[in-house]
There are 2 protein chains.
Amino acid sequence: MNVNKKHYRTIWVKEGNEKIIQIIDQRSLPYKFIIEDLKSVDDFVRAIKEMHVRGAGLIGAAAGFGMYLAALNNDDLNKAGEKLKATRPTAVNLAWAVDRQLKAIENAEDKVKITLETAKNIADEDADFCKKIGEHGAKIIEKISKKKNNGLVNILTHCNAGWLAFVDYGSATAPIYAAHGKGIKVHVWVDETRPRNQGARLTAWELLQQGVPHTIISDNAGGHLMQHGLVDICIVGTDRTTYTGDVANKIGTYLKALAAKDNNVPFYVALPSSSFDWKIKNGIKKIPIEQRGDEEVKYAQGLVNSQIKKVLLAPKDSPAANFAFDVTPRRLISGLITERGVCKANEESILNLYPEHKYG
Amino acid sequence: MNVNKKHYRTIWVKEGNEKIIQIIDQRSLPYKFIIEDLKSVDDFVRAIKEMHVRGAGLIGAAAGFGMYLAALNNDDLNKAGEKLKATRPTAVNLAWAVDRQLKAIENAEDKVKITLETAKNIADEDADFCKKIGEHGAKIIEKISKKKNNGLVNILTHCNAGWLAFVDYGSATAPIYAAHGKGIKVHVWVDETRPRNQGARLTAWELLQQGVPHTIISDNAGGHLMQHGLVDICIVGTDRTTYTGDVANKIGTYLKALAAKDNNVPFYVALPSSSFDWKIKNGIKKIPIEQRGDEEVKYAQGLVNSQIKKVLLAPKDSPAANFAFDVTPRRLISGLITERGVCKANEESILNLYPEHKYG
């Protein structure tokens, strides 16, 4: 998508130097647009762990390029894969990308060439899948707009499932960008998404850059908005969705899904198939939930006097807990928007769309 | 309650000078403990509007003392009352206290004496009612503890309905303090409560000062905790509760009530009778919801380098909206804890406890 009217992806091979992968260091957004060079798998491990890059699709693509740099530097690829997988426990794309690389190099002679090709394929596919998610999802938005006599469609989203979370387009934002591109009137309620504020920092910045009307709200506000008819549809992303339709996504998603159900607001989850977990049946019981440092909750990070600083929000001696994700049970979800089309959040519908996993 | 082991109320007549009312300037908590002198009704209007004082009971008591200072300074008391009522539209205690003062001075000769007496009575009554709420509510907590073989009771609360929101004890916190005082094992999950962080700043500070175990969480986390059996009971306060049982409270309360219902966690609202609105039947349609400045959402305020500063969380050019309250419908509420005892959140139960309002 566009940054200051120039097209970017979130990850790419440096022009003129195939030994360097470039990313946008998302920690500095929306204040500064910084491009970072990564030269080793350890650079990638750090970048994923410290969230220079984050988001389901992007950390999958990052893991792909991380494996390529490991091959390039003659590292033990199994060990490199383990290190990458361990960075973020909830996201399924990580393991998926690593395993795809490991499979690609089985019996391969030129591992560097193969891993680079595979990493590029993973990235291209991610962008392509997100674009298709946009096409399928835009139809849902268009339908709502038509029902309102071509009126404004208010969309609520949580966290950043935007192009910054993928290679391009995004998952939850793809239908929004596609609808906006078709001239459908949209307005996005952006949950700020504490504690790391990916909504206020990243989604708002993305939407601003693409010229999509939006309003930032505190995470507490969505229920009130839905109660008062101010939300027509919720669209969120996911870090892992079971083949039965349970959705792990940024902490707080479950609360919005409850409010949507209580107010008959359609609640959609957008995802490329790389975010499906084909093994886990019960999401609430089985998806591991990452716990992060308590300082993210006790502090807020932002800009003051042109510098990025952390301010202490709470008594220094009070403890805090930081669960990064929650699981929204399938019964609260109106549908899944995938690259192959829209399906219900249940085993039958998902496997009908992905029959190759029926006996997996 | 205690601050550094010395007992304080949140509002009092200055020792040795009846012309000055003292308050704790809550904007500086938890970093600094500042006592502020108020000398006129306009001082009170500013203190309420800019939230030096806040919380249902305390702004009622503040309105009472504001009316006293208006009488002392020979102001037009009707106009003073109007100014006070206009400061915060959602809280019902404000209007209740102003009207009580206006009624008290009807036909009174010494308006200064009467308004001072009435203001003191409002404050004393608030403290007394909160103490009783504590006694009634502690029994509910005790019962849960007994069911768990005298085990730990995990309580979730939202915003600050603590002693800082009242004159003493608090509403939602009173049962917690009473249970803790009786030796029942309690632990409190403190919602940080964006955008003003009254949970992280004030509730955590209160609990720390009284030695009550607690953990601060982001507003997004409560649903996940309830899904995993980590919350035994929710207790929140209210800024206005209809006589039919609908509860207006800090934005986000509705989301927690939905999660409590979805997970069979009891959800209680604690309130002195001054927080009832005896006229409004449908809370969602009729309770006015205060909208505050968008800078509260776009910035977070906290301590950096020993100074209280605001950091920008979002792109400067993105708009934000700031709804301060939401309404939780009665169907989601397990019970109301009042100074007269516990009742169901419906018209019949409430009016049985307050029969004097039956034909009001």
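To find a chain, count down the sequence lines: A is the first, B the second, and so on, and within it residues start at 1.
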For this session: Carefully, step by step, assess B/Asn305 and A/Lys309 under the rule side chain to side chain contact (heavy atoms under 4.5 Å, CB included).
Result: CA-CA 10 Å; B/Asn305 302 331; A/Lys309 295 249 181 185; 3.7 Å; yes
Exercise. Using a cut-off of under 4.5 Å for heavy-atom pairs, which of B/Lys256, B/Arg201, B/Met226 has the most such pairs with chain A?
Worked result: B/Arg201
Problem set entry | Heavy-atom pair of closest approach, residues B/Ile216 and A/Pro315 | CD1-CD, 4.5 Å
Exercise. Between A/His214 and B/Ser318, what is the shortest heavy-atom contact and its length?
Worked result: NE2-OG, 2.7 Å
Exercise. Under a 4.5 Å heavy-atom cutoff, which of A/Asp317, A/Thr215, A/Val304, A/Asn197 has the most pairs with chain B?
Worked result: A/Thr215
Exercise. So what's closer than 4.5 Å to chain B heavy atoms on A/Gln301: side chain, backbone, both or neither?
Worked result: backbone
Exercise. Is the backbone N or O of B/Val327 less than 3.5 Å from a side-chain atom of A/Gln227, with the two atoms forming a donor-acceptor pair by type?
Worked result: yes
Seminar exercise, completed: Counting heavy-atom pairs under 4.5 angstrom with chain A, the leader among B/Glu192, B/Lys310, B/Lys298 is B/Glu192
Seminar exercise, completed: Cut-off 4.5 Å, heavy atoms of chain B, and the answer for A/Pro319 is both
For this session: Select, from A/Asn322, A/Leu202, A/Asp326, A/Leu258, the one with the greatest count of heavy-atom pairs under 4.5 Å involving chain B.
Result: A/Leu258
Problem set entry | A/Leu225 to B/Phe323 - nearest heavy-atom pair and separation | CD2-CE1, 3.5 Å
Exercise. Can any side-chain N or O of B/Tyr299 pair as donor or acceptor with the backbone N or O of A/Gly302 at less than 3.5 Å?
Worked result: no
Exercise. Between A/Ala300 and B/Leu313, which heavy-atom pair has the shortest distance, and what is it?
Worked result: CB-CD2, 4.3 Å
For this session: Measure distances from B/Lys261 to the heavy atoms of chain A and classify the residue's part below 4.5 Å as side chain, backbone, both or neither.
Result: neither
Problem set entry | chain B contact residues among residues 152-164 of chain A, heavy-atom distance under 4.5 Å | A/His158
For this session: Heavy-atom pairs under 4.5 Å with chain A are the metric here; pick the option from B/Gly222, B/Pro213, B/Ala200 that has the most.
Result: B/Ala200
Exercise. Going through the distances and angles, do B/His228 and A/Ile284 end up as a side chain to side chain contact (heavy atoms under 4.5 Å, CB included)?
Worked result: CA-CA 8 Å; B/His228 290 269; A/Ile284 293 170; 4.0 Å; yes
Problem set entry | Region of A/Leu208 in contact with chain B, defined by heavy-atom distances below 4.5 Å | side chain
Exercise. Side chain of B/Asn220, backbone of A/Arg194: donor and acceptor closer than 3.5 Å?
Worked result: yes
Problem set entry | Minimum side-chain heavy-atom gap B/His224-A/Leu255 below 4.5 Å | no
Exercise. B/Arg331 versus chain A, heavy atoms under 4.5 Å apart: side chain, backbone, both or neither?
Worked result: side chain
For this session: Go through the atoms of A/Ile289 and report whether side chain, backbone, both or neither lie under 4.5 Å from a heavy atom of chain B.
Result: side chain
For this session: Could you tell me which of B/Thr328, B/Thr193, B/Ile217 has the largest number of non-hydrogen atom pairs under 4.5 Å with chain A?
Result: B/Ile217
Exercise. Chain B heavy atoms under 4.5 Å from A/Lys285: which part of the residue, side chain, backbone, both or neither?
Worked result: neither
For this session: Of all the heavy-atom pairs spanning B/Tyr254 and A/Asp262, show the shortest one and how long it is.
Result: OH-OD2, 2.7 Å
Problem set entry | Atom group of B/Ile308 that falls short of 4.5 Å from chain A, counting heavy atoms | neither
